[in-house]
Amino acid sequence: MDSAPSAAIAERFGTLFDTLDTDNDRTLTWDDYQRLVDRYTKGYSLDADDARVQEIRAAYLGLWRGLVGHAGDGDRLDRDAFVAAMHAASEDRSSSNVTEGVAEAAFDLLDADDDGTVSEGEYVEYAEVLGAAVDVAWDRFKALDTDGDGFISREEFVLSARQYLFGDDTESAGGFVFGVI
């Protein structure tokens, strides 16, 4: 990948870095992603061996390995390295896209009743796990429910992740897919 991300995308990925750097050490390691997985596990009151936890962990681990692979420099990423690696990983079409894998696993986590859609209640619960205000969650839900049927389909959810990764809207509702509140 030889192109730099647009200013909007660099800003968005910088915000994602800040969100993930929960120990505030100005670097990301796998431990930062593991804390996010642990937050989901605790927030949803799931056992560590639950299939949904394993799926989301595997998706984030795949993303982490992709980021480190694109950065090519150890197992710690500073903000600039993360932004560049996230840009490269999101645009990598050489194999299964690791960023979309996170969206797929997050959808499965949110779809608690396994009906193939995410209801307002399921989405609000996810937002609460992430520490977001309910009114913010409702606004994001409405933005993601593009067909207005009162549910978010897998396609709408994954599309929101793509819009977050590639679009110019720095307030993209798809940031929730990656834990940005």
Side-chain angles (χ1 to χ4, degrees), residues 1 5 9-92 94-112 114 118 122-133 136-137 140 154 157-158 160-162 164-165 172-181:
M1 165 97 229
I9 290 172
E11 177 184 338
R12 185 173 311 125
F13 292 162
T15 299
L16 179 57
F17 176 91
D18 296 342
T19 299
L20 292 168
D21 184 21
T22 56
D23 61 2
N24 298 312
D25 68 351
R26 298 184 185 158
T27 63
L28 290 183
T29 66
W30 167 248
D31 291 341
D32 293 293
Y33 278 98
Q34 182 60 54
R35 279 190 289 279
L36 181 58
V37 172
D38 293 344
R39 190 173 188 181
Y40 290 144
T41 304
K42 182 179 178 185
Y44 280 99
S45 301
L46 299 171
D47 292 326
D49 60 348
D50 185 285
R52 292 177 294 167
V53 172
Q54 294 304 310
E55 182 181 3
I56 197 84
R57 184 182 187 285
Y60 277 118
L61 186 57
L63 175 59
W64 174 249
R65 287 178 178 158
L67 294 173
V68 169
H70 284 290
D73 189 25
D75 61 354
R76 301 181 78 77
L77 301 177
D78 66 18
R79 196 174 212 264
D80 291 340
F82 174 81
V83 168
M86 188 69 185
H87 179 62
S90 65
E91 293 193 343
D92 185 354
S94 63
S95 62
S96 175
N97 186 287
V98 293
T99 57
E100 288 185 13
V102 170
E104 295 280 351
F107 182 88
D108 291 340
L109 182 67
L110 272 70
D111 183 16
D114 203 26
V118 174
E122 289 169 327
Y123 193 79
V124 167
E125 180 181 7
Y126 177 64
E128 289 172 340
V129 166
L130 292 176
V136 171
R140 299 278 172 118
R154 181 179 296 276
F157 196 77
V158 173
S160 75
R162 287 183 191 137
Y164 173 78
L165 294 170
S172 170
F176 260 29
V177 172
F178 298 96
V180 176
I181 53 175

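The distance from atom CG of Asp32 to atom CG of Asn24, rounded to the nearest 0.5 Å, is 9.5 Å. Rounding to the nearest 0.5 angstrom, the gap separating the CG atom in Leu36 from the OG1 atom in Thr22 is 8.5 Å. Summarising the geometry, atom CG belonging to Leu28 is positioned 9.0 Å from atom CG belonging to Asp18; distances are rounded to the nearest 0.5 Å. To the nearest 0.5 Å, the span separating CZ on Phe157 from CG on Asp111 amounts to 10.5 Å.
Of the possible polar contacts, none joining the Arg154 side chain to the Phe107 backbone as a donor-acceptor pair under 3.5 Å is found. Looking at Asp21, its side chain does come within 3.5 Å of a backbone N or O of Arg26 through a donor-acceptor pair.
In this pair, Tyr126 and Tyr40 present their aromatic rings parallel. The plane angle is below 30°, not in the 30 to 60° band.
Take Asp75 and apply the side chain to side chain contact (heavy atoms under 4.5 Å, CB included) test, not counting sequence neighbours, and it matches no residue. Remark: Asp38 engages no residue in a salt bridge (charged side-chain N to carboxylate O under 4.0 Å, His left out) (not counting sequence neighbours). When the salt bridge (charged side-chain N to carboxylate O under 4.0 Å, His left out) test is applied to Asp80, no partner is found at least two apart in sequence or on another chain. Phe82 meets the ring-ring contact (aromatic ring centres under 6.0 Å, His included) test with Phe17; sequence neighbours excluded. Among residues two or more places apart in sequence or in another chain, the salt bridge (charged side-chain N to carboxylate O under 4.0 Å, His left out) test is passed with Asp23 by Arg35.
Taking both residues in full, the closest heavy atoms of Phe13 and Ser90 are given as CZ-OG, 4.2 Å, listed atom of the first, atom of the second, then distance. Closest of all the heavy-atom pairs between His70 and Ala88 is ND1-CB, 3.6 Å. Of all non-hydrogen atoms in Ala161 and Ala103, the two that sit nearest each other are CB-CB, 3.7 Å.
In this structure, the side chains of Tyr33 and Leu67 come closer than 4.5 Å at one or more pairs of heavy atoms. For the pair Leu77/Met86, no side-chain contact is recorded, criterion being any heavy-atom separation below 4.5 Å from C-beta on. By the 4.5 Å heavy-atom criterion applied to side chains, Glu100 and Arg162 are counted as neighbours.
For the pair Arg140 and Tyr123, the cation-pi test (distance below 6.0 Å, angle within 45°) is failed.
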Donor-acceptor contacts, no H, no angles, side chain residues 42-58, under 3.5 Å, sequence neighbours left out:
| from | atom 1 | to | atom 2 | distance (Å) |
| --- | --- | --- | --- | --- |
| Asp50 | OD1 | Arg52 | N | 2.7 |
| Gln54 | NE2 | Ala48 | O | 2.4 |
| Arg57 | NE | Gln34 | OE1 | 3.2 |

